[in-house]
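Take a look at the structure set out below.
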Amino acid sequence: MAKKFLLTLITAPFSPPLSRGGRVGSAVAISFKKNVIVRFALQTVTISAILFLSNTAAAEDLQYQGGYNPNQTQGQYFQNTAYRYDRSIIYVFYNSAMACRSCPKAMEMLEEVYTKNYQNKYDYYTVDYNENRDYNYISAYKLDRPLEVVLAKVRNGYADGYQKIENLQNKTSNKSGFEREVKDKIDGFLR
């Protein structure tokens with residue numbers, strides 16, 4: 001029954017031409033059957049090729065593997081992150097709308113200092129406060145520069161003040177001085 005239905009479905013658009021009397025001539029019917037078989041074979045090959053190519057393309061798509069996801073808001077990130085209520089936070093706030101040539105270098109140097117010295121002690125978040133308006137960072141931390149680091153002290157799960165480090169984008173030429181200043185500020189406030 002299913003085969004008959006499928007064959008009817010496939011051949012339905014290809015009805016054989018009728019002769020004047022309303023009957024199908026034998027020669028026309030034979031050529032019609034060959035035509036249907038050829039079209040059926042072409043449809044089968046086409047459908048198989050489409051299925052094969054769609055499976056191949058799907059296998060090559062990139063998959064999100066964890067870590068940074070640019071398509072995720074910060075609110076979603078915090079919801080999916082295991083909460084660590086007792087860890088202080090180092091925020092690196094930047095404003096993509098403000099021109100700053102040395103900000104990417106300063107942010108890279110900040111991440112190096114964090115990875116080398118504080119990865120197991122504090123949380124570290126980089127936030128574009130111009131685009132990420134889920135939270136009111138601008139008024140909470142009085143942000144108005146292209147790059148600002150905010151050290152948010154957390155004690156027993158509660159915010160216990162913050163301190164800002166400003167103008168680090170102007171200090172990238174001296175790597176050891178940059179690192180020393182950042183470490184002194186972090187150690188002095190968050191400990």
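Screening residues 135-146 for salt bridge (Lys or Arg N to Asp or Glu O under 4.0 Å) gives Arg145-Glu166 as the qualifying pairs, with residues at least two apart or on separate chains.
Considering only residues two or more places apart in sequence or on other chains, Asn174 meets the side chain to side chain donor-acceptor pair (under 3.5 Å) condition with Ser176. The side-chain contact (heavy atoms from CB on, under 4.5 Å) search around Lys121 returns Tyr118, Arg191, not counting sequence neighbours. Remark: Ala97 engages Asn95, Asn130 in a side-chain contact (heavy atoms from CB on, under 4.5 Å) (not counting sequence neighbours). Applying the salt bridge (Lys or Arg N to Asp or Glu O under 4.0 Å) test to Glu111 and every residue at least two apart in sequence or in another chain returns nothing. In terms of the salt bridge (Lys or Arg N to Asp or Glu O under 4.0 Å) criterion, residue partners of Lys171 (sequence neighbours excluded) are, by chain and number, Glu181. Remark: Tyr162 pairs with Tyr141 by the ring pair (Phe, Tyr, Trp, His ring centres under 6.0 Å) rule, at least two apart or across chains. The side-chain contact (heavy atoms from CB on, under 4.5 Å) check on Asp160 picks up Lys153, Arg155, with sequence neighbours excluded. Here Gln169 pairs with nothing under the side chain to side chain donor-acceptor pair (under 3.5 Å) rule; sequence neighbours left out. Taking the side chain to side chain donor-acceptor pair (under 3.5 Å) definition, one finds that Ser173 meets it with nothing, sequence neighbours left out. By the side chain to side chain donor-acceptor pair (under 3.5 Å) test, Glu112 pairs with Lys175, sequence neighbours left out. Partners of Asp184 by side-chain contact (heavy atoms from CB on, under 4.5 Å), not counting sequence neighbours, listed by chain and number: Arg180.
To the nearest 0.5 angstrom, Arg87 atom CZ is 10.0 Å from Tyr122 atom OH. A distance of 13.0 Å separates CD in Glu108 from SG in Cys103, rounded to the nearest 0.5 Å. Ser102 contributes atom OG, which lies 11.5 Å from atom CE of Met107 (distance to the nearest 0.5 angstrom). For the atom pair CG (Leu110) and CD1 (Ile186), the distance works out to 7.5 Å, reported to the nearest 0.5 Å. We find the OH-OH distance between Tyr125 and Tyr137 to be 9.0 Å, quoted to the nearest 0.5 Å.
At distances below 3.5 Å, at least one donor-acceptor pair connects side-chain atoms of Ser88 with backbone N or O atoms of Val154.
Taking all atoms of both residues into account, the shortest heavy-atom contact from Lys185 to Leu151 is O-CD1, 3.6 Å. Of all heavy-atom pairs between Tyr91 and Ala152, the closest is CE1-CB, 4.1 Å. Listed here is the closest heavy atom pair of Phe178 and Leu168: CE1-O, 3.5 Å. Taking each heavy atom of Tyr129 and Ile138 in turn, the nearest pair found is CD1-CG1, 3.4 Å.
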Could you go through Val149 and Lys164, starting from their C-alpha distance and side-chain angles, then the distance that decides it, and tell me whether this counts as side chain to side chain contact (heavy atoms under 4.5 Å, CB included)? CA-CA 6 Å; Val149 177; Lys164 289 171 53 172; over 6 Å; no
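At a threshold of 4.5 Å between non-hydrogen side-chain atoms, the residues Leu143 and Val150 count as touching. By the 4.5 Å heavy-atom criterion applied to side chains, Leu147 and Val92 are counted as neighbours.
Paired with Asn117 under the rule side chain to side chain contact (heavy atoms under 4.5 Å, CB included), one option of Val113, Asn120, Thr115 passes, and it is Val113.
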